[in-house]
Amino acid sequence: MKSASICILLVVASFAAVSAARAEPPTKTGTTSKGATLTDQRGMSLYTFDKDKDDKSACNGPCAANWPALKAEAGEQASGSFTIITRDDGSRQWAYKSKPLYTFVKDQKPGDITGDGFLNGAWHLAQP
C-alpha cells in the first residue's frame, strides 16, 4: 500500500511539473512606439528575419552574434503558436507562427526597437 501511494504521488508530481513547464509562454507582450510587440522574459523586443524559412533559421555565424536566438531550454515544450526549431549548431530556438525569434544586440533596454527595419527591411518586430 505504501509503494502504491508513493507511485501515485510521483505521477501527480510529474504531471504538475509538466503542466508548469507548459503554463508560461516563452514570450511576453510589451508596448513599444510601434505598438504591441513580443518580448523575451526580460522585456527585450523580439524580431523575425525575412530570410528564414518556416521553422528554419538562416541567421547563423556572424549574424547570430548580432541577432541572438531566443533559446528554448531543455524540457521546454512547444504549445499553441509557439514551436521549437533546431538550429544548424544543434541548439534549440523558439519560433512564433513558424518564424524563429531573435533579440538584437543593439537594443539596450526594454522598449528599444533599433532592429526593426534593419538590413533593408529584412528584420521585423515580432508582433502578436
Side-chain angles (χ1 to χ4, degrees):
M1 182 68 169
K2 188 175 183 178
S3 64
S5 296
I6 291 172
C7 184
I8 290 171
L9 182 61
L10 288 174
V11 169
V12 170
S14 296
F15 179 74
V18 169
S19 296
R22 292 184 189 180
E24 186 174 328
T27 67
K28 295 180 178 185
T29 301
T31 303
T32 68
S33 61
K34 294 194 177 181
T37 302
L38 295 179
T39 70
D40 66 9
Q41 295 301 319
R42 298 177 301 125
M44 301 304 289
S45 298
L46 293 171
Y47 299 88
T48 59
F49 186 38
D50 283 347
K51 293 185 180 185
D52 289 344
K53 301 297 180 207
D54 283 353
D55 294 321
K56 175 75 174 140
S57 173
C59 182
N60 297 288
C63 176
N66 289 308
W67 298 90
L70 180 63
K71 291 186 180 185
E73 301 299 333
E76 291 183 313
Q77 297 182 11
S79 179
S81 296
F82 294 97
T83 55
I84 297 173
I85 66 165
T86 301
R87 297 178 51 76
D88 288 352
D89 66 3
S91 64
R92 295 167 16 117
Q93 178 178 7
W94 283 106
Y96 179 67
K97 296 182 178 177
S98 299
K99 294 185 173 286
L101 296 170
Y102 307 85
T103 57
F104 185 44
V105 296
K106 292 189 178 182
D107 285 351
Q108 298 298 305
K109 63 186 182 313
D112 283 354
I113 55 170
T114 59
D116 191 43
F118 196 81
L119 194 63
N120 297 317
W123 289 94
H124 307 278
L125 284 170
Q127 297 182 301

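Since this is a predicted model, take the numbers as computed values, not measurements.
With sequence neighbours left out, the side-chain contact (heavy atoms from CB on, under 4.5 Å) criterion links T39 to K28. Residues that satisfy the side-chain hydrogen bond (donor to acceptor under 3.5 Å, both in side chains) test with W67, not counting sequence neighbours, are absent from this structure. With sequence neighbours excluded, no residue forms a salt bridge (charged side-chain N to carboxylate O under 4.0 Å, His left out) with K53. Under the rule for a side-chain hydrogen bond (donor to acceptor under 3.5 Å, both in side chains), the partners of N60 that lie at least two apart in sequence or sit in another chain are R87, D88. Residues satisfying the side-chain hydrogen bond (donor to acceptor under 3.5 Å, both in side chains) test with T31, not counting sequence neighbours, are none. A search for side-chain contact (heavy atoms from CB on, under 4.5 Å) contacts involving K97 returns S81, not counting sequence neighbours. Residues satisfying the side-chain hydrogen bond (donor to acceptor under 3.5 Å, both in side chains) test with Y47, not counting sequence neighbours, are D107. Listed by chain and residue number, M44 satisfy the side-chain contact (heavy atoms from CB on, under 4.5 Å) test with P110 (two or more places apart in sequence, or in another chain). Not counting sequence neighbours, K51 has no partner by the salt bridge (charged side-chain N to carboxylate O under 4.0 Å, His left out) test.
Annotation for A36 and T29: closest pair CB-CG2, 4.0 Å, computed over non-hydrogen atoms. Considering every non-hydrogen atom in both E73 and R92, the closest pair reads O-NH2, 3.1 Å. For the residue pair D55 and A95, the shortest heavy atom distance occurs at OD1-CB, 4.4 Å. When all heavy atoms of L101 and A126 are compared, the pair lying nearest together is CD2-CB, 3.7 Å. Residues W94 and T83 share a closest heavy-atom pair of CE3-O, 3.3 Å. When all heavy atoms are compared, the tightest approach of D52 to C59 is OD1-N, 3.9 Å.
Side chains of Y96 and T27 form no contact here, defined as non-hydrogen atoms less than 4.5 Å apart. The closest side-chain heavy-atom distance from S57 to Q93 is below 4.5 Å.
Within the structure, salt bridge (Lys or Arg N to Asp or Glu O under 4.0 Å) pairs that include any residue of residues 111-128 comprise K34-D116, K109-D112 (at least two apart or interchain). Listed by first then second residue, pairs satisfying salt bridge (Lys or Arg N to Asp or Glu O under 4.0 Å) with a partner in residues 35-46 read D40-R42, not counting sequence neighbours. Listed by first and then second residue, the side-chain hydrogen bond (donor to acceptor under 3.5 Å, both in side chains) pairs that reach into residues 118-128 are D50-H124, sequence neighbours excluded.
The CD1 atom of I113 sits 13.0 Å away from atom CG of L46, with the distance rounded to the nearest 0.5 Å. For the atom pair OG of S45 and CG of L125, the computed distance is 5.5 Å after rounding to the nearest 0.5 Å.
Residue I85 forms a side-chain contact (heavy atoms from CB on, under 4.5 Å) with just one option from S98, P100, S91, and that option is P100.
Note: the hydrophobic cluster containing F49 does not contain I84 (ILVMFWY, side chain heavy atoms under 4.5 Å, direct or indirect links).
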